[in-house]
2 protein chains.
Amino acid sequence: MSASLTKSFLPGVMPLKVEGDRLLLVDQRKLPLEFCYFDASEHEQMVFAIKDMVVRGAPSIGVAAAFGLAFEARRLAQELTRQELTRQELTKEELTRDKLQLGGLTFLRAFTQAKDDLDQTRPTAVNLRWATERMKKVVLAAIAAQVPLVQCAEQAYLEAEAILNEHLAANLAISNFGSELVKNGARLITHCNAGGLAACGYGTALGVIRAAHYQGKNISVYADETRPRNQGSKLTMWELAQDKIPSTLICDSMSGHLMSSGQIDMVITGADRIARNGDSANKIGTYNLAVLAHYHKIPFYIAAPLSTFDFDLIDGKNIPIEEREQNEVLTINGAPITVPDAQAYNPGFDVTPAQLIAGIITEVGVLRPDYSLSITKAIGLKN
Amino acid sequence: MSASLTKSFLPGVMPLKVEGDRLLLVDQRKLPLEFCYFDASEHEQMVFAIKDMVVRGAPSIGVAAAFGLAFEARRLAQELTRQELTRQELTKEELTRDKLQLGGLTFLRAFTQAKDDLDQTRPTAVNLRWATERMKKVVLAAIAAQVPLVQCAEQAYLEAEAILNEHLAANLAISNFGSELVKNGARLITHCNAGGLAACGYGTALGVIRAAHYQGKNISVYADETRPRNQGSKLTMWELAQDKIPSTLICDSMSGHLMSSGQIDMVITGADRIARNGDSANKIGTYNLAVLAHYHKIPFYIAAPLSTFDFDLIDGKNIPIEEREQNEVLTINGAPITVPDAQAYNPGFDVTPAQLIAGIITEVGVLRPDYSLSITKAIGLKN
């Protein structure tokens, strides 16, 4: 973590930690009733954790997957090196001396399989693949350079750390840029959780809120509960309480009434994938908020790191929308809330078209329409 | 119940029944897991039942309150008559012969108190006061005519029955008028419950859906779950299942995504109070749906009997919006869904302005803008 991270801000919230040889995820399914960790040191556990939303939020999924691959690379390196040492009857000293790369292809095959497993866990967030591609690139380069496996794994681990640190820094930059848009005494609505749990550290949309709060802007926040999984009531309300930011929980159906009665000045959410024209996928319900904000002439902002942009997509039409288990809608806390054999529809995300978005807050500044131009410029700045 | 009710339609669902000397409400808090009755024969029980939403839905509240007052009138008449008989040492035969009205003022005072108690249970639905005013008018007239108390009570009971029967007939008329607006194969969204449970018999918005279904129009319905109390998942899905109408449960946040992806042809809800200009209060979340429908150029209809119109209000600005217990938002099935000491906002209703409403389906036909004119005309037709 760079020194600047703690200089002017509190560190926010981390969705994961490394403790010795264990990779631990904050179990976001259990908050706020219980704060505990889920051991995702094993590859299968990490795949399960992302699918089951132990860890969620596009940037955090990317960071978690990167660390997962780093851990898997370590395990593979140790196992294959041990096998090769046995087979070739070499000592570990000889191996290091000769910089001999043992089992490189087997390593690469297994690593790529692990990456593919992770890529298939959640289809909508693009940060996941963005992070795993970066990890693969590092490993491929190391293998190509005939670096010993244990060292390959070490490079993978450093890359995961870099991805995390970049997100922490990006979130602080987003928070600073975004806070300039927040007026004194502003009353905001946010949807789902785009805080530290979702994006590491300060968070994205919640980072903007945190920064405005610590700048003494006297803001207050309405948190959409965000059915069906209630990330708003469970996670966002928890993060806001940690920082003592004035907050009020609402049902997703109440935003229009708040807006029409003049109680809202700004709406801000995160994003899971942003197309080249600015169309943005985010947690289901975001689009409702955006249309309502538009109708009431209230600015609707998105806060997201550049890792969320999918430059391969011209617009939002082709963003894959994950359809999740009907049970998430049919039950609450495991208990049925409707008739037996009922059908439910459970899209995990929706797409907000660019024309409803007042600005996209990134680590290189606030992008404004025409997004085709501003996004191209921003990606250029970053690269 | 008039003969015409069962002629061309199934009877739908009743929210209450009278069994001997007991007034029983379907306990709508327990559906769909359990179908049971709540004994509201006693006045205090009826007050509690309306407050706690054992019975809910503007027209059903009105009907239940009317029967509650009829039962209270009976109890008062019996008690006071007994007291007077004892005091004056008259026989029951003498009383009847002389058509003597005993304890009339005491009766009127207690009856009015009971009416006031009921009026204060729920502030938004106007049908409640509309029904209790009708009951009071009948009782006042009977007392003024020096009718014996037992007979006053009987007249009150007949008035409650008349109110119920008028609603049953109105709902069938609404259903028929409304079904003409539903296209073959239409996919509809409805919010909360505007079925038989809410309005007796066929229901209002669900009545239109029932009629279209039984006309073989091959429709399908998306039911908003309707947080925080989930009347959509619990009651509407139950009514739709009773009639085997193809239905899908959605979270309130999913309507925009369904509309933008071309999966919705029509939105229809009930109403709790309609001002003279057509502004309509209904369950919180209705306004979100109306704005979204407007944005997607999908017709948004309201179905409600004329008893829902409040001719004293020029527009929706002065419709009182009931603010309910924060706990309804902070907990689900009794279990907390957020941090301890969290604040929540819980308006029970919102107001949809007339300009977002394509038509208001009543028992005298479909009212269209300009509502100031069409509503005045409709009320004239009825009176």
Side-chain angles (χ1 to χ4, degrees), chain A residues 32-33 191 222-228 230 232-234 237-238 240-241 246-258 260-261 263 283-292 294-296 321 326 329-330 332-333 335-347 349-351 353, chain B residues 32-33 191 222-228 230 232-234 237-238 240-241 246-258 260-261 263 283-292 294-296 321 326 329-330 332-333 335-347 349-351 353:
Chain A
L33 301 180
H191 190 71
Y222 290 93
D224 257 355
E225 66 168 334
T226 318
R227 286 278 295 143
N230 281 83
S233 60
K234 292 181 173 175
M237 286 295 286
W238 180 78
L240 291 167
S247 59
T248 304
L249 180 62
I250 55 171
C251 298
D252 305 327
S253 56
M254 294 170 183
S255 43
H257 177 66
L258 277 169
S260 71
S261 53
Q263 298 182 69
K283 180 53 57 196
I284 187 76
T286 303
Y287 176 62
N288 282 23
L289 265 183
V291 170
L292 286 159
H294 173 79
Y295 185 76
H296 294 92
I321 299 297
Q326 294 190 23
V329 175
L330 297 171
I332 292 182
N333 292 334
I337 55 160
T338 189
V339 287
D341 305 320
Q343 296 293 311
Y345 179 51
N346 189 15
F349 303 88
D350 54 28
V351 176
Chain B
L33 301 180
H191 190 71
Y222 289 94
D224 257 356
E225 66 167 333
T226 317
R227 286 277 295 143
N230 283 83
S233 60
K234 292 181 174 175
M237 287 295 286
W238 179 79
L240 291 168
S247 58
T248 304
L249 180 62
I250 56 171
C251 298
D252 305 327
S253 56
M254 293 169 183
S255 44
H257 176 66
L258 277 169
S260 71
S261 53
Q263 298 181 70
K283 181 53 56 196
I284 187 77
T286 303
Y287 176 59
N288 282 23
L289 264 183
V291 170
L292 286 159
H294 172 78
Y295 185 76
H296 294 93
I321 299 297
Q326 293 189 22
V329 175
L330 298 171
I332 292 183
N333 291 335
I337 55 160
T338 188
V339 287
D341 305 320
Q343 295 293 309
Y345 179 51
N346 189 16
F349 302 88
D350 55 27
V351 176

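The chains referred to below are lettered A, B, ... by the order of the sequence lines, with proteins before strands, and numbering in each begins at 1. Remember, predicted model here, so these are calculated numbers, not experimental data. Values below: all heavy atoms of this structure, side chains included; hydrogens, waters and symmetry mates excluded.
B/Ser255 approaches A/Asn288 most closely through the heavy-atom pair OG-ND2, 3.2 Å.
Proximity to chain B (any heavy atom under 4.5 Å) is shown, for A/Leu240, by neither the backbone nor the side chain. Contact of A/Tyr295 with chain B is made through the side chain alone, with heavy-atom distances under 4.5 Å. Only the side chain of A/Asn333 comes within contact range of chain B, judged by heavy atoms closer than 4.5 Å. Neither the backbone nor the side chain of A/Asp341 comes within less than 4.5 Å of any heavy atom in chain B.
In terms of heavy-atom pairs under 4.5 angstrom with chain A, the leader among B/His296, B/His191, B/Lys283 is B/His296. In terms of non-hydrogen atom pairs under 4.5 Å with chain B, the most contact-rich of A/Pro347, A/Ala241, A/Ala342 is A/Pro347. When the candidates A/Val291, A/Thr286, A/Thr226 are compared by the number of heavy-atom contacts under 4.5 Å with chain B, A/Val291 comes out ahead. Your options are B/Ala223, B/Gly285, B/Pro340, B/Gly232, and the one with the most heavy-atom pairs under 4.5 Å with chain A is B/Gly285. The candidate with the highest count of non-hydrogen atom pairs below 4.5 Å against chain B, out of A/Ile321, A/Asp252, A/Ile250, A/Leu292, is A/Leu292. Ranking B/Leu330, B/Leu289, B/Leu258 against chain A, the residue ahead of the rest is B/Leu258, based on heavy-atom pairs under 4.5 Å. Chosen from B/Val329, B/Leu33, B/Val351, B/Asp350, the residue pairing most often with chain A at heavy-atom distances under 4.5 Å is B/Val329.
B/Thr338 contributes atom OG1, which lies 5.5 Å from atom CG of A/Leu249 (distance to the nearest 0.5 angstrom). Rounding to the nearest 0.5 Å places CD1 of B/Ile332 at 6.5 Å from OG of A/Ser233. Residue B/Cys251 holds its SG atom at 8.5 Å from CD1 of A/Ile284, rounded to the nearest 0.5 Å. With rounding to the nearest 0.5 Å, the separation of CD in A/Glu225 from CE in A/Met237 is 11.0 Å.
Side chain of A/Gln326 to main chain of A/Ala344: a donor-acceptor pair is present (N/O by atom type, distance under 3.5 Å, no hydrogens or angles).
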(request) Please test B/Met254 against B/Tyr222 for side-chain contact (heavy atoms from CB on, under 4.5 Å), starting from the C-alpha separation and ending with a verdict. (result) CA-CA 10 Å; B/Met254 293 169 183; B/Tyr222 289 94; over 6 Å; no
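Residues that satisfy the side-chain contact (heavy atoms from CB on, under 4.5 Å) test with B/Pro32, not counting sequence neighbours, are A/Val339, B/Lys234, B/Trp238.
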